[in-house]
Amino acid sequence: MGWDEAGSQHLGLWVLMMLGVLLPEACQAHPIPDSSPLLQFGGQVRQRFLYTDDAQETEVHLEIKADGTVVGTARRSPESLLELKALKPGVIQILGVKTSRFLCQGPDGTLYGSLRFDPAACSFRELLLEDGYNIYHSETLGLPLRLPPHNSPYRDSAPRAPARFLPLPGLLPAPPEPPGIPAPEPPDVGSSDPLSMVGPSQGRSPSYAS
């Protein structure tokens with residue numbers, strides 16, 4: 001057996017050994033995390049404004065005030081910026097970013113903001129509609145999430161259909177731009193200091209006054 005033939009046999013054995021080591025590892029199936037479309041919001045935190053115009057006299061955004069009352073505001077505000085966090089597929093909690101109060105619902109349907117998270121009162125089932133709006137129900141009570149009528153913190157006793165809410169991106173209106181820096185005045189060619197290099201000085205001679 002020549003050296004070339006022996007080397008070829010050794011190379012072939014080495015290739016077979018490597019295949020025996022690598023093939024079992026390559027054939028293992030590794031699942032893709034959160035690959036199901038039903039888990040697209042799993043563990044996700046979204047900052048949104050919840051806008052609604054269903055049976056309201058004005059188009060409003062849900063707002064959680066510092067005292068715990070829940071009302072509708074015509075304009076977006078820091079109190080109406082909400083954090084929507086998935087608890088499990090299809091169920092979320094809603095937190096006021098500024099007030100750190102959770103949106104909750106009482107047995108009579110009254111909405112209120114609580115500093116403590118109560119899973120029975122503060123968990124809402126989120127239903128996504130085809131037109132981009134969402135409908136929310138209390139997971140425990142099954143009551144629909146609706147803003148109080150006429151911007152009142154108290155619930156209307158008349159039964160009504162669930163309100164549709166449009167989650168808007170959590171961007172507050174841009175603050176007004178500060179006034180621009182005025183353009184420099186053109187040099188006074190008739191002055192002894194046209195480029196204002198000397199600057200004002202109390203001891204300046206009147207001879208330098210333009």
Side-chain angles (χ1 to χ4, degrees), residues 31-65 68-172:
I32 301 175
D34 292 347
S35 59
S36 172
L38 298 177
L39 301 178
Q40 58 179 329
F41 296 135
Q44 184 180 12
V45 177
R46 297 164 284 157
Q47 288 196 353
R48 295 290 187 269
F49 296 95
L50 289 183
Y51 163 85
T52 179
D53 59 355
D54 274 8
Q56 303 283 342
E57 293 185 354
T58 56
E59 302 172 354
V60 295
H61 305 78
L62 190 150
E63 181 179 83
I64 304 177
K65 291 186 171 293
T69 56
V70 178
V71 297
T73 175
R75 297 182 179 274
R76 289 178 295 174
S77 67
E79 288 77 13
S80 62
L81 180 59
L82 308 173
E83 181 181 277
L84 281 60
K85 181 179 180 180
L87 302 175
K88 57 184 178 181
V91 178
I92 65 170
Q93 68 181 29
I94 302 175
L95 174 70
V97 174
K98 181 175 177 62
T99 61
S100 297
R101 287 182 176 270
F102 295 95
L103 179 66
C104 304
Q105 192 173 37
D108 61 348
T110 302
L111 298 176
Y112 63 95
S114 173
L115 294 173
R116 184 178 65 89
F117 177 73
D118 180 2
C122 310
S123 300
F124 294 91
R125 187 161 294 278
E126 183 180 45
L127 175 62
L128 282 63
L129 304 179
E130 294 182 356
D131 58 3
Y133 281 78
N134 294 347
I135 291 178
Y136 300 93
H137 287 84
S138 169
E139 185 189 20
T140 303
L141 304 172
L143 298 175
L145 174 61
R146 288 194 67 94
L147 284 174
H150 308 294
N151 216 19
S152 168
Y154 304 102
R155 178 178 179 266
D156 188 0
S157 58
R160 294 181 296 166
R164 302 185 315 152
F165 289 90
L166 181 64
L168 299 175
L171 297 176
L172 289 170

side-chain contact (heavy atoms from CB on, under 4.5 Å) assessment of His137 paired with Ile135: CA-CA 7 Å; His137 287 84; Ile135 291 178; 3.4 Å; yes

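Screening residues 77-133 for disulfide (SG to SG under 2.5 Å) gives Cys104-Cys122 as the qualifying pairs, with residues at least two apart or on separate chains. For residues 73-99, no residue pair satisfies the ring-ring contact (aromatic ring centres under 6.0 Å, His included) rule, not counting sequence neighbours.
In this view, Glu63 and Lys65, Ser77 satisfy the side-chain hydrogen bond (donor to acceptor under 3.5 Å, both in side chains) rule, not counting sequence neighbours. Tyr112 is linked by a ring-ring contact (aromatic ring centres under 6.0 Å, His included) to nothing, counting only residues two or more places apart in sequence or in another chain. Remark: Lys98 engages no residue in a salt bridge (Lys or Arg N to Asp or Glu O under 4.0 Å) (not counting sequence neighbours).
Going from atom CG of Leu87 over to atom CZ of Phe117 covers 5.0 Å, rounded to the nearest 0.5 Å. Between Gln93 atom CD and Leu82 atom CG the span is 12.0 Å, to the nearest 0.5 Å. Taking NE2 of His61 as the reference point, atom CG of Leu147 lies at 11.0 Å (rounded to 0.5 Å). How far OH of Tyr51 is from CG of Leu166: 8.0 Å, rounded to the nearest 0.5 Å. Rounded to the nearest 0.5 angstrom, Leu115 CG and Thr99 OG1 are separated by 8.0 Å. Separating the CZ atom in Phe102 from the CZ atom in Arg116 is a distance of 10.5 Å, to the nearest 0.5 Å.
Counting heavy atoms from C-beta outward, Val97 and Gln47 have side chains that approach closer than 4.5 Å. The side-chain heavy atoms of Leu62 and Thr52, taken from C-beta on, include no pair separated by under 4.5 Å. The closest side-chain heavy-atom distance from Gln44 to Leu84 is not below 4.5 Å. At least one side-chain heavy atom of Tyr136 sits under 4.5 Å from a side-chain heavy atom of Leu50.
Checked by atom type and distance alone, the side chain of Arg48 never pairs as donor or acceptor with a backbone atom of Pro167 at under 3.5 Å. When atom types are taken as modelled, the side chain of Ser123 and the backbone of Pro119 share a donor-acceptor pair closer than 3.5 angstrom.
For the pair Asn134 and Glu126, the tightest heavy-atom approach, listed with the atom from each and the gap, is ND2-OE2, 3.2 Å.
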Tabulate below the donor-acceptor pairs under 3.5 Å that side-chain atoms of residues 138-145 make, not counting sequence neighbours, or state none.
{"unit_1": "Ser138", "atom_1": "OG", "unit_2": "Leu141", "atom_2": "N", "d": "3.1"}
{"unit_1": "Glu139", "atom_1": "OE2", "unit_2": "Lys88", "atom_2": "NZ", "d": "3.0"}
{"unit_1": "Thr140", "atom_1": "OG1", "unit_2": "Ala120", "atom_2": "O", "d": "3.0"}

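A salt bridge is absent between Glu83 and Arg101: the closest approach of a Lys/Arg side-chain nitrogen to an acidic carboxylate oxygen does not fall below 4.0 angstrom.
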